[in-house]
Amino acid sequence: MALSPHRKHVEVEQIAIECRNLTFAYDRTESNAVIADLNLTVTNGEILCVLGASGCGKTSLLNLVAGFLTPQHGTVVVNGVPVSGPGPDRGVVFQEYSLFPWLTALGNVEFSLAMQGMSRKARRQAAIAKLNLVGLEHAIDRYPFELSGGMKQRVAIARTLAANPQVLLMDEPFAALDALTRSSLQEELLTIYHKTKTTIIFVTHNIAEAIKLGDRLIVLGPGGKILESIENGRPSRVDPAYGESYRRLARALNVEDAE
């Protein structure tokens, strides 16, 4: 089994996600590939943060892992099973909340469980537990119009977590939020992660956010090429490691200041 050159030391049984020689083009023409011959592994319980300029294939990569897109060549394997389409083992959180306005926070979370055939009593218990996990136990009966942007995104996260996915795919979920709410939800996500140890791929344009959240940080370039890969210990801003990681990522992104 070929591993990503950046993760050769990873044992096979530790791998949650593996992209093998992955190639994808929206027009099915390899010369226009958004992702070309990408090899990448993500280990169990890892948060991988993916950065890169617009058009480098970040969202396409998430959609390939989610099973929303089919590669021209190569495969995506999640927990030993090749991806052939969407599945409950992979949960996706988008930048847009996509909540049903006629349902309460509780109803929105319950809806996804009802689609899986879960009984009313079981799905209510599961939905309440996940809303408690994201700190919304006081707002379960509120409708989306009664919630702030940050609270709506927490409902969306709770709805995704309710299915107990093995992998969580997050596409710039905090990008539209103000700085204080964004920081709060970053902390919330880390709290959830420490409780669940769910494997996460988190796409972001924000270098500081990536350093705060990720166990590993990669920068994608044209064709989905990995331009930089950093093992990250989530250093504080006063730690010299923070500045070094920031400079390496900014250099790979060809920006002077991406905060």
Side-chain angles (χ1 to χ4, degrees), residues 4-7 17-42 46-78 83 85-86 90-98 153 156 167-177 179 182 186 189 199-230 232 245-259:
S4 161
H6 299 280
R7 304 292 281 178
I17 304 166
E18 184 177 11
C19 300
R20 304 172 181 168
N21 307 115
L22 199 62
T23 298
F24 174 78
Y26 284 96
D27 64 1
R28 317 301 288 182
T29 304
E30 287 189 36
S31 59
N32 295 326
V34 178
I35 295 175
D37 200 30
L38 173 67
N39 288 286
L40 176 69
T41 59
V42 185
E46 178 182 24
I47 299 180
L48 174 70
C49 285
V50 182
L51 301 102
S54 296
C56 72
K58 302 186 302 298
T59 295
S60 298
L61 174 61
L62 279 193
N63 287 333
L64 286 161
V65 177
F68 300 148
L69 298 176
T70 303
Q72 275 76 62
H73 298 292
T75 57
V76 179
V77 179
V78 175
V83 170
R90 284 151 288 138
V92 185
V93 179
F94 301 100
Q95 185 173 335
E96 298 297 327
Y97 319 121
S98 302
Q153 193 59 291
V167 169
L168 189 59
L169 307 170
M170 309 187 78
D171 191 6
E172 298 193 68
F174 308 147
L177 304 174
R182 185 171 191 159
Q186 289 165 356
L189 178 61
T199 303
I200 299 172
I201 299 181
F202 189 103
V203 167
T204 180
H205 276 96
N206 189 284
I207 293 177
E209 180 169 71
I211 296 174
K212 182 174 182 177
L213 294 178
D215 294 301
R216 182 162 50 109
L217 321 173
I218 64 171
V219 176
L220 296 185
K225 181 181 179 181
I226 298 176
L227 303 179
E228 182 64 272
S229 179
I230 298 174
N232 183 52
S245 293
Y246 197 102
R247 285 188 292 273
R248 286 175 61 182
L249 294 170
R251 225 171 11 245
L253 290 164
N254 196 29
V255 295
E256 294 183 4
D257 186 353
E259 288 199 69

Is any side-chain heavy atom of Asn21 closer than 4.5 Å to a side-chain heavy atom of Asn39? yes
Please give me the minimum heavy-atom distance between Leu38 and Gly224, naming the atom from each residue. CD1-O, 3.4 Å
Nearest atoms (heavy-atom pairs only) where Phe202 meets Pro173: CE1-CG, 3.5 Å
Residues Ala210 and Leu217: closest non-hydrogen pair is O-CD2, 3.2 Å
Heavy-atom distance under 4.5 Å between the side chains of Glu46 and Ile17, does that happen here? no
So how far is it from Cys49 SG to Ile230 CD1, rounded to the nearest 0.5 Å? 11.0 Å
Partner set under side chain to side chain donor-acceptor pair (under 3.5 Å) for Thr59, not counting sequence neighbours: Asp171
Could you pull out the closest heavy-atom pair between Lys58 and Cys56, with the gap in Å? CG-SG, 3.3 Å
At their closest point, which heavy atom of Val34 faces which heavy atom of Ser60, and how far apart are they? CG1-OG, 3.8 Å
Side-chain heavy-atom pair Leu61, Leu40 within 4.5 angstrom cut-off: yes
Under the salt bridge (Lys or Arg N to Asp or Glu O under 4.0 Å) test, residues paired with Asp215 that sit two or more places apart: Arg234
Please tell me if the side chains of Leu220 and Ile226 come closer than 4.5 Å, counting only heavy atoms from C-beta onward. yes
Exercise: identify the closest heavy-atom pair between Val76 and Leu64: CG2-O, 4.1 Å
With sequence neighbours left out, write down each residue that passes side chain to side chain donor-acceptor pair (under 3.5 Å) with Arg248, or none if nothing qualifies. Glu228
For Ser245, check side chain to side chain donor-acceptor pair (under 3.5 Å) against everything at least two apart and list the hits. none
Taking the side chain as everything from C-beta on, heavy atoms only, tell me whether Ser229 gets closer than 4.5 Å to Ile218. yes
Kindly say whether Ala25 contributes a backbone atom to a donor-acceptor pair with the side chain of Gln72 at under 3.5 angstrom? yes
Rounded to the nearest 0.5 Å, what separation is found between the CE atom of Met170 and the CD1 atom of Ile200? 6.5 Å
With a 4.5 Å limit on heavy-atom distance, are the side chains of Leu69 and Tyr26 in contact? yes
Once side chain to side chain donor-acceptor pair (under 3.5 Å) is applied, do any residues pair with Thr204, and if so which ones, sequence neighbours excluded? Glu209
How would you list, by chain and number, every residue that makes a side chain to side chain contact (heavy atoms under 4.5 Å, CB included) with Ala175, sequence neighbours excluded? Gln95, Glu172
For Ser54, check side chain to side chain contact (heavy atoms under 4.5 Å, CB included) against everything at least two apart and list the hits. His205
Keeping the roles fixed (side chain from Arg182, backbone from Leu177), state whether a donor-acceptor pair exists under 3.5 Å. no
Do the non-hydrogen side-chain atoms of Val65 and Val83 ever get within less than 4.5 Å of each other? no
Contacts of Ser98 meeting side chain to side chain contact (heavy atoms under 4.5 Å, CB included) (sequence neighbours excluded), chain-then-number -> Glu96, Arg159
Enter the distance from Ile35:CD1 to His73:NE2 here, rounded to the nearest 0.5 Å. 14.0 Å
Mind checking whether Val219 and Leu249 have side chains closer than 4.5 Å, heavy atoms only? yes
For Phe94, check side chain to side chain contact (heavy atoms under 4.5 Å, CB included) against everything at least two apart and list the hits. Phe68, Val92
